[in-house]
Amino acid sequence: MTSQLLLDKVVLITGASSGIGAAAARVFAREGAIVVLAARRKDRLAELVDELRRAGQRAAYVVSDVAVAEQAAQAVEFAVSEYGRLDCAFNNAGIGGDRTPLHLMQDDVYDSVMDINVRGVWNCLRPEIAAMLAGGGGSIVNNSSVAGLVAIPAAAPYIASKHAVVGFTRAAADEYARQGIRVNAIAPGTTRSEITADWFARNPGLEDLVNSLTPQGRSAAPEEIAETAAWLLSDRCPFLTGAVVPVDGGFVNQ
Ligand code: NDP
């Protein structure tokens, strides 16, 4: 067995322009993958692809808004047309939405969170699975959240959206298990990224509170989440499917 987890795997990463997705691009490429980076911000993607190529790694990008079905499908088509197949996908794109009590939450927050976090995963899963069926199998990791397993304060649409990601994970894992496609989810706890920087800037004291509620007493670096996704995507866990793996410093175990 190779020492690189993802050697020669063609891996699509959505939401690759920052945070956990950008960390995943670096970790997966270091582990030998050919990474296809998708997100809306072209400049960020281009910079990251340059960085990876300068390090001798294999990477390309495609601008794609996962909330738009045609654009999600185009990202998959791009990977297949560039590299001949799609082996793995990390459906990571997502937004946090406002932190507001449920009865004050506005419909536009609900709509944007559901469009990106739920419909976005739906839009990606279908072409990814079709491509993997054509290629004889594959591995998918969806990025849920601890908010896909338990409630967190003042984030009802986000919580509902991340529970839906768990539902899609279980449904797809069950349906395609005999066709060589594994589908798992990760449930990160608080991770230092643009989403949490925004939440913490607008809610003084929230960061300390979250850290105090986490058994390890800290938040995660994006790379820690990406490492777990890399392992789940890899051939090192061939009997693992339909799982939702908390990567949360012990938060949901309490
Ligand atoms: P970031 O805000 O740093 O990253 C979010 C990524 O998603 C960006 O690359 C953004 O790129 C992309 N994105 C957002 N909307 C779309 C869209 N419509 N189409 C394509 N890409 C999109 O935050 P994180 O790294 O934290 O978030 C990544 C995932 O991790 C999310 O699903 C989030 O819910 C999940 N998560 C995060 C946790 C945390 O504490 N940070 C905890 C648990 C889960 P662009 O704007 O260029 O499109």
Side-chain angles (χ1 to χ4, degrees), residues 12-27 35-49 61-76 78 89-97 99 111-124 141-150 152 155 157-166 168-169 185-201 203 206-207 209-211 213-214 218-226 228-229 244-249 251-252:
L12 174 64
I13 304 167
T14 71
S17 58
S18 65
I20 295 168
R26 295 185 176 103
V27 168
V35 290
V36 176
L37 314 185
R40 296 167 301 182
R41 285 172 292 177
K42 183 178 177 174
D43 51 339
R44 294 284 199 98
L45 295 172
E47 256 173 53
L48 185 47
V49 165
Y61 73 85
V62 53
V63 175
S64 168
D65 181 340
V66 295
V68 180
E70 296 74 21
Q71 294 190 31
Q74 277 160 13
V76 174
F78 174 80
F90 181 34
N91 293 323
N92 162 75
I95 59 169
R99 302 298 298 262
D111 289 340
S112 58
V113 168
M114 290 296 172
D115 277 353
I116 295 172
N117 294 7
V118 182
R119 188 175 284 278
V121 170
W122 173 241
N123 286 340
C124 291
V141 171
N142 295 322
N143 198 351
S144 177
S145 167
V146 291
L149 297 170
V150 296
I152 59 170
Y158 185 73
I159 294 164
S161 75
K162 292 301 184 178
H163 276 70
V165 172
V166 169
F168 279 140
T169 302
I186 52 171
T190 308
T191 307
R192 297 184 289 281
S193 73
E194 291 185 7
I195 286 183
T196 44
D198 177 52
W199 275 354
F200 295 154
N203 300 276
L206 182 61
E207 183 169 13
L209 174 67
V210 168
N211 289 344
L213 293 172
T214 302
R218 65 173 180 89
S219 56
E223 293 72 23
E224 295 178 83
I225 311 301
T228 307
V244 184
V245 180
V247 194
D248 65 349
F251 182 80
V252 297

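Counting starts at 1 for both ligands and their atoms, in listed order. In this chain, numbering begins with 1 at the start of the sequence shown.
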Just by modelled atom types, is the [Y] backbone N or O under 3.5 Å from a matching donor or acceptor in the [X] side chain?
| X | Y | answer |
| --- | --- | --- |
| Asn203 | Leu206 | no |
| Thr14 | Leu12 | no |
| Ser64 | Ala75 | no |
| Ser161 | Met114 | no |
| Asp248 | Pro188 | no |
| Gln71 | Val68 | no |

Any idea which part of [X] is under 4.0 Å from ligand 1, heavy-atom wise: side chain, backbone, both or neither?
| X | result |
| --- | --- |
| Lys162 | side chain |
| Ala16 | backbone |
| Val66 | both |

Original post:
Between the side chains of Thr169 and Asn142, is a donor N or O closer than 3.5 angstrom to an acceptor N or O?
Top reply: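 On atom types as modelled, these side chains qualify, holding a pair under 3.5 Å.
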Original post:
Is it the case that Arg218 and Thr190 place a side-chain donor and acceptor less than 3.5 Å from each other?
Top reply: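 The criterion, which ignores hydrogens and geometry beyond distance, is not satisfied for Thr190 and Arg218.
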Original post:
Below 4.0 Å from any atom of ligand 1, is there a heavy atom belonging to Ser144?
Top reply: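 Yes, Ser144 has heavy atoms under 4.0 Å from ligand 1.
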Give the atom numbers and elements of ligand 1 that come within less than 4.0 Å of a heavy atom of [X].
| X | value |
| --- | --- |
| Thr196 | 39 (C), 40 (O), 41 (N) |
| Ile116 | 15 (N), 16 (C), 18 (N) |
| Thr190 | 40 (O) |

Hey, looking at [atom], which of [options] has the closest heavy atom?
| atom | options | value |
| --- | --- | --- |
| atom 9 (O) of ligand 1 | Gly19, Ser17, Ala147 | Ser17 |
| atom 24 (P) of ligand 1 | Ser219, Gly189, Ser193 | Ser193 |
| atom 30 (O) of ligand 1 | Asn143, Val63, Leu45 | Asn143 |

Subject >> Arg119, CZ atom: more than 12 neighbouring heavy atoms under 6.0 Å >> reply: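 It does not: Arg119 CZ has 12 such atoms or fewer within range.
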Taking distance alone, with no angle check, do [X] and ligand 1 share an N/O pair under 3.5 Å?
| X | value |
| --- | --- |
| Glu194 | yes |
| Ala39 | no |
| Ser145 | no |
| Ser18 | yes |
| Gly15 | yes |

**OP:** Apply the test side chain to side chain contact (heavy atoms under 4.5 Å, CB included) to residues Tyr158 and Ile95: give CA-CA distance (whole Å), side-chain angles for both, the deciding distance (0.1 Å), then the verdict.
**Re:** CA-CA 8 Å; Tyr158 185 73; Ile95 59 169; over 6 Å; no
Specify the protein heavy atom at minimum distance from [atom]: its residue, its atom name, and the distance to 0.1 Å.
| atom | answer |
| --- | --- |
| atom 29 (C) of ligand 1 | Asn92 O, 3.0 Å |
| atom 27 (O) of ligand 1 | Ile195 CD1, 3.6 Å |
| atom 20 (C) of ligand 1 | Ser64 O, 3.3 Å |
| atom 43 (C) of ligand 1 | Pro188 O, 3.3 Å |
| atom 37 (C) of ligand 1 | Ile20 CD1, 3.9 Å |
| atom 14 (C) of ligand 1 | Arg40 NH2, 3.3 Å |
| atom 5 (C) of ligand 1 | Gly94 O, 3.6 Å |
| atom 18 (N) of ligand 1 | Asp65 OD1, 2.8 Å |

**OP:** For Ser219 and Thr196, run side chain to side chain contact (heavy atoms under 4.5 Å, CB included): C-alpha distance rounded to whole Å, both residues' side-chain angles, the deciding distance at 0.1 Å, then the answer.
**Re:** CA-CA 10 Å; Ser219 56; Thr196 44; over 6 Å; no
Subject >> Nearest atoms (heavy-atom pairs only) where Gly94 meets Asn117 >> reply: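 In terms of heavy atoms, the two residues are closest at CA-OD1, 3.2 Å.
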Original post:
Which atom names give the shortest non-hydrogen contact between His163 and Leu149, and what distance separates them?
Top reply: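 Looks like CE1-N, 3.7 Å.
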**OP:** Please tell me if the side chains of Leu48 and Arg26 come closer than 4.5 Å, counting only heavy atoms from C-beta onward.
**Re:**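 A side-chain contact exists here, since the closest heavy-atom pair is under 4.5 Å.
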